[in-house]
Each structure stands twice: as structure tokens, then as C-alpha cells.
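Before any comments, here is the structure.
A, B, ... follow the sequence lines: proteins, then strands. Residue 1 opens every chain. Only heavy atoms go into these numbers, but all of them, side chains included; no hydrogens, no water, no symmetry mates.
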Protein chains: 4
Amino acid sequence: MKRARTEEAKDARRQVLLDAALDEFFERGFTAARTHDIAERAGLSKGTLYLYFDSKEALFSELIESLTSPNLARIDEIAATSPSALDAIDRFTGFASHLVRTSDLPRLMKVLIGDSQHFPETMKRYREEVLERVLGAIGSVLEAAKSRGEIVVGDPHLTARLVIAPVLFSGIWQAMFGADPKAQVDLEALFGEHARLLRRGMETADVRDGDHA
Amino acid sequence: MKRARTEEAKDARRQVLLDAALDEFFERGFTAARTHDIAERAGLSKGTLYLYFDSKEALFSELIESLTSPNLARIDEIAATSPSALDAIDRFTGFASHLVRTSDLPRLMKVLIGDSQHFPETMKRYREEVLERVLGAIGSVLEAAKSRGEIVVGDPHLTARLVIAPVLFSGIWQAMFGADPKAQVDLEALFGEHARLLRRGMETADVRDGDHA
Amino acid sequence: MKRARTEEAKDARRQVLLDAALDEFFERGFTAARTHDIAERAGLSKGTLYLYFDSKEALFSELIESLTSPNLARIDEIAATSPSALDAIDRFTGFASHLVRTSDLPRLMKVLIGDSQHFPETMKRYREEVLERVLGAIGSVLEAAKSRGEIVVGDPHLTARLVIAPVLFSGIWQAMFGADPKAQVDLEALFGEHARLLRRGMETADVRDGDHA
Amino acid sequence: MKRARTEEAKDARRQVLLDAALDEFFERGFTAARTHDIAERAGLSKGTLYLYFDSKEALFSELIESLTSPNLARIDEIAATSPSALDAIDRFTGFASHLVRTSDLPRLMKVLIGDSQHFPETMKRYREEVLERVLGAIGSVLEAAKSRGEIVVGDPHLTARLVIAPVLFSGIWQAMFGADPKAQVDLEALFGEHARLLRRGMETADVRDGDHA
DNA sequence: TATGAATGAGTCTTCATTCAT
DNA sequence: GATGAATGAAGACTCATTCAT
């Protein structure tokens, strides 16, 4: 393989290795994945992998890190800029649908679930910095809306989990059965129906009266 | 360890090994789990494990099998005996809440997701015989209710996934973070709210009029 | 290879491995020695070695330990029971000659010198518990004799090093060139001459007068 | 690093690498020493090392060679110019003390002993061309003195080993424990006492009579 | 000449499986 | 039936050496 002399070339190499790593970790799990296969899939030799990452564990951690950070900003942004809770929920589910359908998120989810035991610290951080942050953002939106009498819900922070649940469900489904044509799901329709049910489920009688008026 | 001479004694041994196997497979994943540890946790020696199971893979397969079959009947029964879709949903979520809180289901889910790659056939069968059967049962209930004008939903079979999603979500959460006191979730409240939202989300305007009348 | 079920059989296995380890460590040095070769030389498989020792390092440490302890008692005994310093020196050199000619000491010395860097702690302990103990014992004998006017020496504890030096020299020579017939040395004669020179070098004028009277 | 264009500049590079090599080989042994570290210690890159030496082994061999040759001439000179055997011994031990205290000899000795196995030919040549030459020179001096009735010794060539032994002992001690302040030895005093003991041990009764007359 | 990225053979160690006891 | 000692295949990681730049 040609040599990566510049910083950019090296970053590209890192990325190729991270991509290959996700493939292998997803397909086989952390323990069963072989560094040799990761390197080979990246078109490099085993030794080269170790020029870029200290160990298989470090590779794993950096992979999680690299896939995790990007979307957080977007979540915060949606929470901050949505005029109403119902609107925020539409946008959340739309964004989630997009992520599940086109990003590495589903495969990442599978990997995280399967290998959580190896990286309790990483998982704890992931839960606190990603999951609970997302749940918190959604929960706050619902809470504010509830206090404004805009929606009718029980505990907004529990409800946030119900908003998110179909994302996880779809992601896992996609990751595990996505390869089988018979297991395809129309995710846009699914998230559309999810948004609709949430909307109706949370809307106040007033709104509803108007609704069917 | 004493010898198991009767058939019952042998079945008991098998069960002890299966229990130990779930613990280890859950805690470490299929590849990282060691037969030695499974045997030890079962209070037996490594060699004995091989008297009862042909291999680590066979042990895994039989474990999945043994945990998978039981609850199916109950699902069918709920679907068959519920007077209305809304009632069925209450009972489904109640049952699900119970399963997630008290059965091995959450740990099984984690294991299945994490090690799916090793057993594509098992996973396919699990999807077809368990997941799609459950989804199908729920979907049929919704479909019937819809055709009777009892509820308002889009595709009933997509909607079934929304009914199930929080079960998966909670199960995974439970399995992954259940050990951390700071990550506890009030599952009864969660499923209660889920049932409430679904109810309101699907109910017809008529019902609702009566609701707030 | 047959199985070692009893404790004695296991101890024998350990000893066979230790013997093989000394051979390999001596011939190749710690780093270059391969666990595979040690096991093979012991007539066992690679994996079996790890049933008896935690690691290559542990094997090395236990080897040193096992070869080091035995002779200490004998040294102390000689120091304690010799009627005179000159007599003690005869017996020390006789014992040393014996060790260098027939025991594993020369090969151990070579190993210790060559791989000291890997085991600074072990080496420090070896110096303190073996070397300085031997030097101390000899030094004390000389010191007592000197204070009784029995011998003429400078610092008795420096002199102890001169008593020991030919042992090290011969041991190393033996270990490094012992295989070559052209490098053979008559060790008995060598140590005899050493004893004679020391005797004459340390004896008082009085003794000497009598000597040639 | 700047390029070495002239022959002198290249020789300087070689020497820097040899110095660095001695450090690393001494500290870690041949097998464990890394070419990377040697180059780095020399302020050069790994690749450059291979411009100057064919391989790690060649570097090692040339290192031994370069450290071995120098002092031979001095040995021959002492043997040739000393008026008497007893005088020659004084001068040998003085020179040895100097070497052990200030030259690379102790570290070289450690390296040679530790890694002898890798270079049987080098070791054989070293034994023949250095050790036995030194022993031969000393032995011849003693032999001549003995035949002149100047000293009383057994086999002069065995005795030569006794003359040399404390040099090896001190060298090894220095190399292995020299870093620890608690293991310091007053080498001048040691070699002084050595010379004194040899002198008295070998001198004839006549001399001694004069001695104490 | 000098560099250091790339390579892959080589080594320690683990662990599923076998089988003598 | 039960045991655990023995085996050896497999995998993470290192490092001498090469060679494109």
C-alpha cells in the first residue's frame, strides 16, 4: 500500500481503518473480530493498524467516539429551535428516521449492545453523554409544553423514552435483519405513524375538538 | 459432584448448565464466555459440560431455544381472548412490563443481539417464529379493530412495531444499565404511560368525545 | 504425555519444566528463549507449560528461586563450623570448586548476568540475599581471624571478594566455553592453587617462619 | 539529520551508532534491544541505521570488534617491559583497575556473557584472541619468573586466571549493580589488596625473609 | 543520504475440546 | 458419569527490515 506521508493522508488511513473496524465489529462482535481481518478489509497489513491505533480496544473506543459525537449537536439544536413540543417531536422522529435509514447508527447500536460488557466505562459515558442527553432534551421539551398546557402527558421524562423507543427498535431490526429482503420495513411510514400516534396521544382535548371540528 | 443417574437428575443438570450459560453469555458475549466459567458457575467441571452438550455452540443454541419457546402461547392467548383492541393493548403492555421486569427476556435480548452473527439460522427462525408472530398477532388485533371502526391507525402491522418498541427499549436498557442504581426506570409507570398514549393516539373521535364529556 | 494426577507427579512435571527452562534460558537468554521450545524440551506441549507457570517471567523467577536457595545453608554452615579462617577458606574453595564443576551454578550465573535487566527486583534480592550473604560470611570469618592475629589482610570484606572471584571467573568460563574441549580448565588444580596463594598471601610472618623452618 | 558526505562524517555516524548500540545492548540484551531505540538514541532514524550496518547482528558484531581490539597492545607492552613478574602483576592489576573503573569493559563483559549464544564464532575468536592472549601473556611472565626462581607458583597458566579473576568479578559487579549506591565497591583498594595478596602468595621464602628482616 | 510508513514473520498466551483416570 | 490435565489451533501484538518519498 502507498505510504501516507502527510497528515491528511494519515487521517484518511485512520478513517479507512475505522470503517473497516465497524464492519468487522458489527459482523462478528468485538472479541470475535480479528485485527488481521480489519486491516485486510482496510487494504492494509496487520502491522499498519498498530501504527494508527494502540490496540484493538483503543480502535474500538475511538470508533465509538467517532460515530457518537456528530449527531449530538443536531439533537440540541432541534430541542432549542422548535416552536412547539409537537413540532419538536415531528422533527425528532424525522431526524431519527433519517439516521436509522442512512447512517451507521443501527450498526453502532448493535455493536454497543453486544459488547457493552467489555467497556463498562465507555458504556456509562455513552449512556450519560448521549442517551440521557437526548432523553433529557426531549423530556425538557415535553415538560415545558406540558406546563404550558400544550400537551397532556404523565412524566415527561418517561415519555421521552417512548418517543425514542421506536428508533432503537428500528435500528436494531435494521442492523439484524436489514440484509433479508423479507424483513424490510417502511421506516418513513413507521416514523410517520409514530409521530401521528404521539401527537394524538398527547394533544389536549381543545386541540382535538378543533381537530375534528 | 454426585452422579446424575435418573433422567430427571440429568435434566436438572442440563438446566443448571443452561442457567449458568445465560449468565456468562450475557455478561461476556458468546465468544468471550469461557466454557470453564460456565461449568464452574454450574458447580460442575469443564468435562462434564461436554457430557450434556456437544459444544459451546450447541449449548448456546439450546439456550436460545429453551428461553424462546415459552411465552409464545401467552401472546396468542391474549390476542384471542381480548374483547377489544384497546383492551388487548392494555394486556399486552401489562404482560410485557411483567416480562421485562421479572423474566430472563432482557438478558436474552442482549445476548441475541450481541451474538446474532454466530447463528444466522437461529436468528432467522427467532425472527420468524417469535418476533413476527408477536407482531402478527398484535397487527391482526389492530387490523380487526380498525375494520370494525374501533380504532384509528395507519398500517396496523407497522403500528404493531410501535406497540412493541418500548418493550425492546426497556429490555435493552434494563440489560445494559440495570446494574447501575442511577439508571433505574419505573417500568410500570413507563408501560402505563405507553398504554395511555397508544389508547388516546388510536381512539376514535367518538370515543374521545365521550372521554372528555 | 501421561497425566499427572497426584501432587508428586505434578511436582515432577514442574521440575522437568524448570530443567528445560534452564537449558533454554542458558542457551538463548530469556528474551530469545521460546516457551514452545521449553515445553517441547520437557516433552510437553506449549499449553501444558501454562498449567504449571503463569507466564514466561514467572517461570524464570521460579527457576532462579529454585536454584538459588539450596546452597545458602551450606555456606552458613562452613562459616560457622570451621576452626580457623585458613581452614574455612580451604573448605569454601573446595565447595566452590565442587559447585562450579558439578552443579547448575555456572549456567545460572550466565543467565542471571545476561538477563539481569529484565528482573531488577530479582537481581537486587539475589545480590542481597545470596551474594552479599556469602561475601558477608567469608568477610566475617576473615575479620575474626584478623582480630585474633591469625591472618594478615587489609579490609576483610574486600578480601572476601578476592576469595570469591575465581568462582565467578571459572563459572562463567565453564558456562561459556565449557563445551569446547580446547578451553577445558583443571578446576581442582585451579582452586587448589587459589587456596594456596590465599593461604600464603594472608598468613602471618610467624606461621611462615615455621613454614620454611 | 544533516547528511554525512565526507568519510570522516560517516565514521562519526558509525561511532555514534555503535555507542548507542552498546547502551541498548547492555541495558536490554541483544534480542530485547530494538533497532528503533538504538537509532533514536543515536539521534538518527531507523532507516539510517541500515545505511551503516547490514543488520542488527552485524551491528552487534562490529560493536564487539570495535571494543575488543584496543587494549590488547597495552597488555603485550606491560608483559614485555616489566622488569619482574611481581612488578608486572602490579602493573596489570593497576591497568585492570583503571579499565574496570573508567572504560566500557564492564558493560562489554556483560553483553558478551549475556549474548554469547548468538555469536559462537565471535565468542570463540574473542576467547582465543583476547582472553587467552591476556592469560598467555600473564602466564608467560609468571612462567619466566618461576623458572628464574623469582616466585613460587604451581602451574603459571592456571595462576594467570587467578590474577585475572578479580577483574572479571569487579567488572560484572560494576555492570550489574554499579547503579545502586549501596553496592559500590572501592575498586582501587580491592585491586591493591589483590596485588598484595598475590605478591605475598607467590614470593619466595628468601624475599619474605628479607621482607620481615 | 535520510526518513519513517508499511510489512509480515514470529512469539506469548488463551481456551475449546479430548480423554486417561 | 465426573474430572481436570493435556493439547494445539488461533489471535493480539512486536519489531527487524524494506523502500517510496
*Ignoring backbone atoms, test whether C/R5 places a side-chain nitrogen or oxygen under 4.0 Å from the OP1 or OP2 oxygen of F/dA6.*
no
*Find the distance D/F60:CZ to F/dA16:P and express it as a whole number of Å.*
14 Å
*Exercise: identify the closest heavy-atom pair between D/T35 and D/K46*: OG1-CG, 4.1 Å
_Separation of E/dT21 P from C/K10 NZ (nearest whole Å)_ = 15 Å
*DNA chain F: D/D54 or A/K56, which has the more 5' nearest nucleotide?*
A/K56
_Pair listing, side-chain hydrogen bond (donor to acceptor under 3.5 Å, both in side chains) test, anchored in residues 47-60 of chain D, at least two apart_ = D/S45-D/T48
_Results of salt bridge (Lys or Arg N to Asp or Glu O under 4.0 Å) for B/E7 - residues two or more places apart only_ = B/K10
*Provide, to the nearest angstrom, the distance between the CG atom belonging to A/L17 and the C1' atom belonging to E/dA5.*
13 Å
*Of all pairs that satisfy salt bridge (Lys or Arg N to Asp or Glu O under 4.0 Å), the ones with a partner from residues 58-67 of chain B, not counting sequence neighbours*: B/R14-B/E62, B/E65-B/R125
_Closest non-hydrogen atom pair between A/A175 and A/K110, with its separation_ = CB-CB, 4.0 Å
*Under a 4.5 Å cut-off applied to non-hydrogen side-chain atoms, are C/Q117 and C/M123 in contact?*
no
*Closest non-hydrogen atom pair between B/T31 and A/A32, with its separation*: OG1-CB, 3.4 Å
_Using a 3.5 Å distance criterion without hydrogens, assess whether the side chain of B/D115 forms a donor-acceptor pair with backbone atoms of B/F30._
yes
*What are the two closest non-hydrogen atoms of B/L63 and B/L18, and how far apart are they?*
CD1-O, 3.4 Å
*To the nearest Å, give me how far apart CG (D/L44) and C1' (E/dT1) are.*
11 Å
*Whole-Å distance separating the CZ atom of D/R13 from the C1' atom of E/dT1*: 9 Å
_Note: A/D19-A/R41 ion pair, threshold 4.0 Å (strictly below)_ = no
*Could you spell out the base pairing of DNA chain E in dot-bracket, with Watson-Crick or G-U pairs whose two distances are under 3.5 Å, [ ] crossing and | to another strand?*
.||||||||||||||||||||
*In residues 21-41 of chain C, which ones come under 4.0 Å of DNA chain F, going by heavy atoms?*
none
*Starting at the 5' end of DNA chain E, which residue's closest nucleotide do you reach first, B/S55 or A/G43?*
A/G43
*Residue pair C/A42 / C/L17: nearest heavy atoms and the distance that separates them*: CB-CD2, 3.7 Å
_Members of residues 45-53 of chain D that approach DNA chain F, where some heavy atom sits under 4.0 Å away_ = D/K46, D/Y50
